[in-house]
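Nothing here was measured: the structure is a model prediction, and the numbers come from that model. Letters A, B, ... mirror the listed sequences (proteins, then strands); counts begin at 1.
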Amino acid sequence: MSNEETQTTNFIHDIIDADLASGKRTEVVTRFPPEPNGYLHIGHAKAIYLDFGTAEKYGGRCHLRFDDTNPEAEDEEYVRAIQEDIKWLGYDWGEHLYWASNYFDTMYEYAVRLINKGKAYVCELSSEEFKEYRGVPTRPGKEPPGRDRSVEENLELFEKMKNGGFEDGACILRAKIDMTSPNLHMRDPAIYRIKRATHHNTGDKWCIYPMYDFAHCIEDSIEGVTHSMCTLEFEVHRPLYDWILQELEAFQSRQYEFSKLNLTYIVLSKRRLLQLVNEGLVGGWDDPRMPTLCGMRRRGFTAAAIKKLCAIVGCTKFEGITEIEQFESIVRDDLNENSLRAMAVVDPIKVVIDNYPEELVEEFEVPNHPQKEEEGKRTVPFSRELWIERTDYMDDAPNKFKGFTIGREVRIRGAYLVTCDSVEKDAAGNVVSLRCTYDPESKGGNAPDGRKVRSTIHWVSAKHAVDTEVRLYDRLYTVENPLGDKEKDFKDFLNPDSLKVITAKLEPGLAQAKPGDRYQFERVGYFCADLDHTPAKPVFNRTLTLRAPRKM
RNA sequence: UGCCCGAUAGUGUAAUGGAAGCACAUGUGACUUUGACUCAUAGGGUCCUGGUUCGAACCCAGGUCGGGCAACCA
């Protein structure tokens, strides 16, 4: 899949074009600001694509900045995983790795500056009282006591907060804006809270930590971020973002909001993902059914496909839902183009070729990619007994059926034309094996007399097959929108068949695959060697089936 | 009964006052040593009502519908 920009423009790029043309900006600086409190998922991929992709398009730079302002929620474990996932997507922040926590001193100074301007004050209301004074969207708030404290007193109180002179939650620092604003976020928002927690970076240096609204705009400003992109729910925070930077007379970064990625059959809420992991409903964060980047990587999805999806969904202010079929189509395009072919039988029945010599083994050459001769050929062993797919035999098959039925000749791909003479079934009526005869003149699969054979099926020599664990993954949910039913929990829609573990018969060369190697098992689907895969105990994950066949 | 934002085929998007396109999905057909791929072909759209204009998806007004905002989270 090509990496070229399929995205022409979007409303943010239009703004950037105008900023550059007017001279308001001379460079483009963006940032991706994850909080290290969870794993990245495909929704984050959209933000990463927009942040890094925009910088790339304009020859600017994109910073990776960990927004670590809440030590209670954050953990070092996530820092490594987040970096790995961004790199996997193919982005590089170079020297520009930053931490919000490295700006704590500046943020403190900025808070003092606000106090000195009479634009911030210490408030001793409890959180319940705080809510009460703030009012509700339809009614204005009222001014809390202590709002008109002197600068000196506020300075003293704030310093006492910093020095640990108050219990956690005893008071907060608030911006002094307008308790009657129709925008709740402007009703004297909290900007610093007391929280005795050990920070992964600053240890126990601080017992006060800045709130998101205060911290984020300052982080952007310090770094010279010109265009700060975030999701739609922050739209109402923008006036506060602008207010703080203006009052501080700091570099004016600007915030732009876009809609989150939504996909059918996928749930992207951190809380619910955590629930799946904690309740053991999936194998972990990197379970191939998870929409996390590590899970999708393990499943066999490619970074190119994820970025292509981001390009196609674009960047708008309208919150919609993209059909998963769109993504699957992109994945199949990529995998069809870039994965080598192999043969594997996932639900085997045996074929015995009665007129083929008992001990003979032939090697047949088959192409690694039907459209790419440069990918070369490999040899597969052929012998008297083969495994074929159970679905490739049918009693009294209709004419359009591709596989065997008694009396029908079928091409064994790359090998011979074979006719089914009889079928053997067990007591329950299940097919056990097919007795067949082959045409020795049809070596390679072409009949000497030019007769047409409509069907070609895949196979593996029984004598040479490698037994392999195959994990057949399917959608995690049975409905498009598991969150759509207010009466039910999303877990009620978990697909009981989202994982089926089977033993398949593989052509022998496949055991040598490396974890992460991708193949198309012909006529079956796209598969990827799992992290657990070893030559001695092969494990393959099904990424996707082939595009659903037309009805017969 | 507040404030902010949005609305283009089933879905995701383009068209920035001048012929409403593209992709996915769906139907039909062709090709095929993968029922894949590929190719051909069909149906289907500007939320509503007005206004401005020679001309409106685009500008204006009013409405409708949808989303967001009431954590000492981000």
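- By the ring pair (Phe, Tyr, Trp, His ring centres under 6.0 Å) test, H41(A) is found to be paired with H44(A), residues two or more places apart in sequence or in another chain being considered.
- With a 4.5 Å cut-off on side-chain heavy atoms, E328(A) and L309(A) do not count as touching.
- With sequence neighbours excluded, the residues that form a side chain to side chain donor-acceptor pair (under 3.5 Å) with R147(A) are E143(A), D188(A).
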Scoring nucleotides 4-9 of chain B by protein non-hydrogen atoms under 4.0 Å (B base, S sugar-phosphate only, - none) yields -SS---
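- Under the ring pair (Phe, Tyr, Trp, His ring centres under 6.0 Å) criterion, Y212(A) pairs with H216(A), F234(A), not counting sequence neighbours.
- Among residues two or more places apart in sequence or in another chain, the side chain to side chain contact (heavy atoms under 4.5 Å, CB included) test is passed with L20(A) by I16(A), R25(A), V28(A), Y58(A).
- Between F527(A) and F521(A), the two ring planes are parallel [angle under 30°; tilted spans 30° to 60°].
- When the salt bridge (Lys or Arg N to Asp or Glu O under 4.0 Å) test is applied to E223(A), the partners found at least two apart in sequence or on another chain are R65(A).
- In this pair, F158(A) and Y108(A) present their aromatic rings parallel. The plane angle is below 30°, not in the 30 to 60° band.
- Taking 4.5 Å as the limit, some side-chain heavy atom of L125(A) sits within range of a side-chain heavy atom of P145(A).
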Filtered N/O pairs between nucleotides 71-74 of chain B and protein, under 3.5 Å:
from	atom 1	to	atom 2	distance (Å)
C72(B)	N3	G169(A)	O	3.4
C72(B)	N4	L125(A)	O	2.9
C72(B)	N4	S127(A)	N	3.4
C72(B)	N4	G169(A)	O	3.2
C73(B)	OP2	R193(A)	NE	2.9
C73(B)	OP2	R193(A)	NH2	2.8
C73(B)	OP2	K195(A)	NZ	3.0
C73(B)	O3'	R193(A)	NH2	3.2
C73(B)	O2'	N70(A)	ND2	3.0
A74(B)	OP1	T69(A)	OG1	2.8
A74(B)	OP1	R193(A)	NH1	3.3
A74(B)	OP1	R193(A)	NH2	3.0
A74(B)	OP2	Y212(A)	N	2.8
A74(B)	O3'	D67(A)	OD2	2.7
A74(B)	N6	H237(A)	NE2	3.4

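- For G35(B), neither phosphate oxygen OP1 nor OP2 lies less than 4.0 angstrom from any side-chain nitrogen or oxygen of R454(A).
- Comparing atom distances between the T456(A) side chain and each of U33(B), G2(B), C37(B) picks out U33(B) as nearest.
- One interatomic measurement links the two molecules: CG of N446(A) to C1' of U32(B), which rounds to 13 Å at whole-angstrom precision.
- Using a 4.0 Å heavy-atom criterion, one finds that E257(A) contacts no nucleic acid atom at all.
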Which dot-bracket notation, 5' to 3', represents the base pairing of RNA chain B when pairs are defined as Watson-Crick or G-U with both distances under 3.5 Å, crossing pairs as [ ], and inter-strand pairs as |? .((((((..((((....[..)))).(((((.......)))))....(((((..]....))))))))))).....
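- Legend: residues meeting ring pair (Phe, Tyr, Trp, His ring centres under 6.0 Å) with Y78(A), ordered by chain and number and at least two apart, are Y39(A).
- The closest side-chain heavy-atom distance from V267(A) to P291(A) is not below 4.5 Å.
- Identified under the ring pair (Phe, Tyr, Trp, His ring centres under 6.0 Å) test for residues 314-347 of chain A, with sequence neighbours left out: F301(A)-F327(A).
- Looking at residues 320-329 of chain A, you'll see G320(A), I321(A), T322(A), E323(A), E325(A), Q326(A), S329(A) sit with a heavy atom under 4.0 Å from some atom of RNA chain B.
- Contacts of P140(A) with the nucleic acid, taken as non-hydrogen atoms under 4.0 Å apart, are absent.
- Partners of R547(A) by side chain to side chain donor-acceptor pair (under 3.5 Å), not counting sequence neighbours: none found.
- As judged by a 4.0 angstrom heavy-atom cut-off over every strand, V313(A) is placed among residues touching the sugar-phosphate backbone only.
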